[in-house]
Number of protein chains: 2
Amino acid sequence: MDVTEATLRQALAGKGIKSTKQRLAVLGELEKSDAPLTAEDLFMKAHAQCETLSLSTVYRIVDMLCEKGVVMRSGLMEGGRSLFELTPVVHRHNLICVRCHKIIPLEDCPLSQYESDIAKSTGYNISGHKLEVYGVCPKCSKDRGH
Amino acid sequence: MDVTEATLRQALAGKGIKSTKQRLAVLGELEKSDAPLTAEDLFMKAHAQCETLSLSTVYRIVDMLCEKGVVMRSGLMEGGRSLFELTPVVHRHNLICVRCHKIIPLEDCPLSQYESDIAKSTGYNISGHKLEVYGVCPKCSKDRGH
DNA sequence: GTCTTTGCAAATCATTTGCATGGAA
DNA sequence: TTCCATGCAAATGATTTGCAAAGAC
């Protein structure tokens, strides 16, 4: 499920976003990762792809992508740091272990009916939702009752 | 639906948390508010109640209450600031206008069945979830198509 | 060529922490 | 009395910003 540079360029152009190698590198890393990343994670990973990339540019890029709706901040925070992830085209949610912080994706989403109901009862024009489910993974459950 | 100081004291004692006037003031403001608040919001509001309260103490209090599960960080962030809200005893989700940021609570939650399904298919011990729904409120829709 | 994006370094701003004092049980 | 919680001020660490140079279209 690798995404080519051309595809990324096209996706950005479609949203009226100019392509730069920094943007492609950052977006590429977001595509590759299934877990949300901090700005610094992104910087380190994307820096390997693009020598000329600075941390402040990573911040500028994720801010811009958030505004365009391409990226979203995760509800989680690691320490004081924000976590960023692609706004999934294929709708998807995460299941997060509250002990080891392992994150696995959940398959289906039961909320589309719920959204239409809400739209009807509130008059809001629903644009999306964020759902995170928390629990203890099997490994952590076994390791200790805590 | 006002909460008396005695009730708050009792609630804290029940969780093994010592009562101080700072804690009661902060918790009281969280009780009163239906929207998530920043640490500074809390500081300003609670300071009116309790002269002797400092911002760093607000941080220490909300951190502690988060660990005890009394308070949670909202998935939203206002600027770079974290938002805090009471962990609802009555399970509840928010509907957030992406334009004016008005927040209204949603009545029912369709996820309990979903949680059992997840528990079965992943082996996780599910402890809870966070759901936020985004949309444009009727007023903002009328104001402009943007 | 023109306007936008970036790198760098300095500036900000939220959050955290050390230490001496005040307060709860 | 005995710790734990707090205030204050200083430290930290993430994020932002100004400005000149490099890059996209």
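Computation of the quantities below employed the complete heavy-atom set of this structure, encompassing side-chain atoms and omitting hydrogens, waters and symmetry-equivalent molecules. Sequence lines set the chain letters: A, B, ... in the order given, protein chains first and strands last, and positions in each chain run from 1.
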> When rounded to the nearest 0.5 angstrom, what is the spacing between CE in A:Met64 and CZ in A:Arg60?
11.0 Å
> Distance from B:Leu37 atom CG to B:Leu42 atom CG, nearest 0.5 Å?
5.0 Å
> Please round to the nearest 0.5 Å and tell me the distance separating atom CZ of A:Phe43 and atom CD of A:Gln22.
11.0 Å
> In Å and rounded to the nearest 0.5 Å, what is the CD to NE2 distance from A:Glu29 to A:His47?
12.5 Å
> So, applying side chain to side chain contact (heavy atoms under 4.5 Å, CB included) with B:Arg23, which one of B:Thr57, B:Leu53, B:Leu65, B:Ile17 is it?
B:Ile17
> In whole angstrom, what separates A:Lys68's NZ from C:dT5's C1'?
14 Å
> Mind checking the CG-CZ spacing from A:Leu24 to A:Arg9? Nearest 0.5 Å is all I need.
5.0 Å
> Phosphate oxygens OP1/OP2 of D:dG7: is one of them under 4.0 Å from a side-chain N or O of B:Ser54?
yes
> Round to the nearest Å and state the distance from A:Ile61 atom CD1 to C:dT4 atom C1'.
13 Å
> Can B:Glu31 and B:Leu8 be said to form a side chain to side chain contact (heavy atoms under 4.5 Å, CB included), step by step?
CA-CA 10 Å; B:Glu31 288 280 357; B:Leu8 286 181; 3.8 Å; yes
> Round to the nearest Å and state the distance from B:Phe43 atom CZ to C:dT15 atom C1'.
14 Å
> Write down the distance between CG (B:Leu24) and P (D:dT6), rounded to a whole number of angstrom.
10 Å
> Can you give me the closest heavy-atom contact between A:Glu85 and A:Leu30, atom names plus distance?
CA-CD2, 4.1 Å
> Rounding to an integer number of Å, can you tell me how far B:Arg23 CZ sits from C:dA24 P?
11 Å
> From CD of B:Glu51 over to C1' of D:dG7, roughly how many Å is that when rounded to an integer?
14 Å
> Rounded off to whole Å, could you give me the CG-to-P distance for the B:Asp41 and C:dC13 pair?
16 Å
> Looking at A:Asp63 and A:Arg73, what are the two nearest heavy atoms and their distance?
OD1-NH1, 4.2 Å
> Could you tell me, to 10°, how much the axis swings from one end of the helix from C:dG1-D:dC25 to C:dA25-D:dT1 to the other, five pairs per end?
50°
> How long is the line joining CG of B:Leu53 and C1' of C:dG22, in whole Å?
15 Å
> Taking protein heavy atoms under 4.0 Å as touching, what does nucleotides 13-25 of chain D look like 5' to 3' if B marks base contact, S marks sugar-phosphate-only contact and - marks none?
-SBBBB-----SS
> Does B:Gln22 place a side-chain N or O at less than 4.0 Å from the phosphate oxygens OP1/OP2 of D:dG7?
yes
